[in-house]
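Inspection log for the structure reproduced underneath, given as structure tokens.
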Number of protein chains: 2
Amino acid sequence: MAGRGRLRRVTLRDIADRVGVTPTAVSMALADNPRISANTRQTIKATAHDLGYVPSSAARALRNQRAGAIALIVPTTATHVFGHSYFMHVLEGTSLVANERDVQLLVSTNRDTEHGLAAYERVMRSRSADGAILTSAAIDDPMIEPLIASGLPVVMIGSFPYLPSAVTVGVDDRAASRAMTEHLITAHNRTSLLHISGTLDHQTGVDRRDGFLDAVRAHHLEGDARIVEGDLSEESGRRAIADLGEQIREIDGLVAANDDMAFGALTALRSIGLEVPADLSIAGCDDFGLARVTTPSLTTIRVPAKELAQVATTRLFEIMDGKDGWHRHVLEVELVLRQSCGCQPLDDTDDAASVLEI
Amino acid sequence: MAGRGRLRRVTLRDIADRVGVTPTAVSMALADNPRISANTRQTIKATAHDLGYVPSSAARALRNQRAGAIALIVPTTATHVFGHSYFMHVLEGTSLVANERDVQLLVSTNRDTEHGLAAYERVMRSRSADGAILTSAAIDDPMIEPLIASGLPVVMIGSFPYLPSAVTVGVDDRAASRAMTEHLITAHNRTSLLHISGTLDHQTGVDRRDGFLDAVRAHHLEGDARIVEGDLSEESGRRAIADLGEQIREIDGLVAANDDMAFGALTALRSIGLEVPADLSIAGCDDFGLARVTTPSLTTIRVPAKELAQVATTRLFEIMDGKDGWHRHVLEVELVLRQSCGCQPLDDTDDAASVLEI
DNA sequence: CTGAAAGCGCTTACAG
DNA sequence: CTGAAAGCGCTTACAG
């Protein structure tokens, strides 16, 4: 069957020859240009269909000077930043908008090199995309500036205070982290708090840590607050608990910078006989799937990854169309109160006790 | 900054004019064609770099009659078939191989229409990919034949007995399901077995059910065996248990066609006071993330999704290169024995008690 | 060995 | 209103 397709491809000329017009006329007819009479148009379309005509995207792209595609760039470290499920949601949101515009979606990842150089280069070193969504880039990622300087329209997901002119979509990680920490303090009377931070080379990690500190300071609990730096992996959550040794027994509240680490901490706590939420309240961040299925289920901050991607992609098309618009957009997050903080009884199998918008 | 990039793009002609040669010479120099002297080549490359030359993928594609991209086609129903994490693994495997070949990866999804027609059409109706990986297609998906007939090289992940000439990569779902069922029978003395099947419009669902039946028959347990049809969702796992009513108390072993349903069943069983694995042994299938984090953790069949995608993509490139090779390739799966069957103690926090290759 | 044309398949600006 | 050329940016086959 490959044979059939290996035959020379059907072009406008083939249709033109069959119908007895010029390729120009065929092009116009297929584009419903009123210059071509309804009659001829119909004949041409029928012939195109009969011959199995498929337009050449390469020829179109060359002629129109548009690739007809956008790229989703995911530098290496992405896996570590949010984990797999985050990326699925982003892909879903981006696809949705790209599909509406009938534009192809290129996914440029790089798993091998440290900074995902190739992920950028693949997009920059060929004009195969008319714009790009960049997600999960590190604060000091050296490729962001060249990417933007290349003139390719770019929308970034995340927070990049050092690139004030960049177009970005994100959430207020600091306020969210503060709200969650204050929930443990005010709703559960937790006073000796631990934060397991994310990687501090990503703004998200810095902001979530600072939000934790904001809450702790506002309630004058700095004296009993601790911060351990993690790397967003489940294992680093486990290690954070192990490294604290006996000090962990002084802690009654834990805010982790993501759900994976919260889960790692949960298993570590369980293995040394501490109960959640009886002995400690735990909160995570992300709600990309894990938090709902653990026992106890994890209280967390729901990050609207799919919506972030949708908004970013919609804005990207605006930029590609030359439209003005915002440079920074912030989406709301929700606190999802489940079992690990104590809001929801352990025998309650509903998804969550309640959801708080902040 | 967009302004910079909006300037006319740098082409071979710009470099040629600057250096004082023809675009042909520039093209050859950049391709390291020995026809161009080392000296000139160097000057040309330096100039190309200075001007920020980026080749036009569209022009190349048109000239070379190759798009320089492959597509990953995911029909709508994909989400239901394996869930998000499956797709992440496939994307990872496909990216890996495409990256090695320096080929772009197009992801063509369709979330809206019933059969994901657009996902196929986007790839077929433009020559934007030189080949395609198709995953999670239904047995009777009406687009598979047109896709293959279109002449585009295609490798499918899964099992398609009705398309004997198609190139496919998969696992032996039937044997795996049989092995898992027999594990419950022989290692845990379970004799009254329930299977919650997947959707039977996918071969996977049929094969896993048939494997269950094979085991049950081989051990003469047909009389006490039950099958409930699910749809791979967690909710359908819950519903399967609820619908059985009091009959569930007769059952001592459950094999679900995926982990989501196994987890749904687990929560439903818990809510009516049944304990796993004390009262029932449970097994799922997939091991894409969920099974490891639940309490109890789920015994499951590990489906090597990433490897399937790698093998499929490698084979796709062979076909695109005109090389002969296999039409059907089967990868091995493993039984991952965790807590839900009874192999691993509930207080053991290791990943799994043991892993069996089958 | 080297120079310059042809042509991939489109679409639109131009000439008649 | 309609016909046919020009040209997007490449690469390779061809002529000298």
Side-chain angles (χ1 to χ4, degrees), chain A residues 5-41 43-45 47-48 51-69 102 104 124-130, chain B residues 5-41 43-45 47-48 51-69 102 104 124-130:
Chain A
R6 295 279 178 215
L7 293 177
R8 204 174 58 74
R9 291 163 168 171
V10 177
T11 67
L12 292 186
R13 169 147 293 286
D14 298 313
I15 303 168
D17 288 349
R18 177 81 81 95
V19 178
V21 295
T22 64
T24 303
V26 176
S27 171
M28 288 172 166
L30 294 179
D32 285 322
N33 186 319
R35 235 183 88 164
I36 309 300
S37 76
N39 230 349
T40 316
R41 200 188 312 168
T43 311
I44 288 172
K45 286 192 173 182
T47 307
L51 295 178
Y53 172 71
V54 175
S56 156
S57 58
R60 272 195 179 155
L62 180 59
R63 164 71 223 206
N64 296 338
Q65 298 285 72
R66 282 193 295 97
D102 205 22
Q104 300 272 9
M124 294 172 64
R125 303 256 148 150
S126 75
R127 290 157 179 173
S128 42
D130 303 315
Chain B
R6 294 282 176 215
L7 293 176
R8 203 173 58 72
R9 292 162 166 173
V10 177
T11 67
L12 292 185
R13 169 146 293 286
D14 299 312
I15 303 169
D17 289 349
R18 178 81 83 94
V19 178
V21 296
T22 63
T24 302
V26 176
S27 171
M28 288 173 165
L30 294 179
D32 285 322
N33 186 320
R35 233 182 90 163
I36 309 299
S37 76
N39 229 349
T40 316
R41 200 188 313 168
T43 311
I44 287 173
K45 285 192 173 180
T47 307
L51 295 178
Y53 171 71
V54 175
S56 158
S57 57
R60 273 196 180 156
L62 180 59
R63 165 69 224 206
N64 295 338
Q65 299 284 70
R66 282 192 295 97
D102 206 22
Q104 300 273 9
M124 293 172 63
R125 302 255 149 151
S126 75
R127 290 155 180 177
S128 43
D130 303 315

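No experiment lies behind these values; they were computed from the predicted model shown. Throughout, a chain's letter reflects where its sequence line sits, starting with A, and its residues are numbered from 1.
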Original post:
Does the side chain of S27(A) get closer than 4.0 angstrom to OP1 or OP2 of dC10(C) through an N or O atom?
Top reply: no
Subject >> salt bridge (Lys or Arg N to Asp or Glu O under 4.0 Å) contacts in which one or both residues fall within residues 17-28 of chain B, not counting sequence neighbours >> reply: R13(B)-D17(B)
Subject >> Separation of atom CZ in R13(A) from atom P in dT11(C), rounded to whole Å >> reply: 14 Å
**OP:** Begin with the C-alpha distance, continue with both residues' side-chain angles, and end with the deciding distance and a verdict on side-chain contact (heavy atoms from CB on, under 4.5 Å) for V26(A) and Y53(A).
**Re:** CA-CA 11 Å; V26(A) 176; Y53(A) 172 71; over 6 Å; no
**OP:** Considering just the side-chain nitrogens and oxygens of Q65(A), establish if one lies under 4.0 Å of OP1 or OP2 belonging to dG9(D).
**Re:** yes
**OP:** On DNA chain D, check which nucleotide each of T24(A) and I36(A) is closest to and give me the residue with the more 5' one.
**Re:** I36(A)
Between the protein and nucleotides 14-16 of chain C, which nitrogen or oxygen pairs are less than 3.5 angstrom apart?
none

**OP:** Under 4.0 Å from any atom of DNA chain D, heavy atoms only: list the residues of residues 55-64 of chain A that qualify, in numerical order.
**Re:** L62(A), R63(A)
Original post:
Please give, in whole Å, the distance from dA4(C) P to L12(B) CG?
Top reply: 16 Å
Subject >> P spacing across the pair dG16(C) / dG7(D), given as an integer number of angstrom >> reply: 15 Å
Subject >> Gap between atom CD1 of I15(A) and atom CD1 of I44(A) - 0.5 Å precision >> reply: 8.0 Å
**OP:** Provide, to the nearest angstrom, the distance between the CZ atom belonging to R9(B) and the P atom belonging to dG9(D).
**Re:** 8 Å
Original post:
Quick one: does V21(A)'s side chain get under 4.5 Å of I36(A)'s, heavy atoms only?
Top reply: no
Original post:
Atom CD1 of I44(B) to atom C1' of dC10(D): distance rounded to whole Å?
Top reply: 15 Å
Original post:
In whole Å, what is the span from the CE atom of M28(A) to the C1' atom of dC10(C)?
Top reply: 12 Å
Subject >> All side chain to side chain contact (heavy atoms under 4.5 Å, CB included) counterparts of A61(B), not counting sequence neighbours >> reply: A58(A)
**OP:** Could you check how far CZ of R127(A) sits from C1' of dC8(D), rounded to whole Å?
**Re:** 11 Å
Original post:
What residues, two or more places apart in sequence or in another chain, satisfy side chain to side chain donor-acceptor pair (under 3.5 Å) together with S56(A)?
Top reply: none
Original post:
Taking only residues two or more places apart in sequence or in another chain, which ones pass side chain to side chain contact (heavy atoms under 4.5 Å, CB included) with D102(B)?
Top reply: R122(A)
Subject >> Runs of at least three consecutive pairs that involve DNA chain D, where pairs are Watson-Crick or G-U with distances under 3.5 Å >> reply: C:1-3 with D:14-16, C:5-12 with D:5-12, C:14-16 with D:1-3
**OP:** Output, in order, the C-alpha distance, side-chain angles, deciding distance and verdict of side-chain contact (heavy atoms from CB on, under 4.5 Å) for S57(A) and Q104(A).
**Re:** CA-CA 10 Å; S57(A) 58; Q104(A) 300 272 9; over 6 Å; no
**OP:** Could you list the residues that satisfy side chain to side chain contact (heavy atoms under 4.5 Å, CB included) with A67(B), not counting sequence neighbours?
**Re:** D130(B)
Original post:
Which residue pairs pass the side-chain hydrogen bond (donor to acceptor under 3.5 Å, both in side chains) test with at least one member in residues 27-40 of chain A, sequence neighbours excluded?
Top reply: D32(A)-K45(A), S37(A)-T40(A)
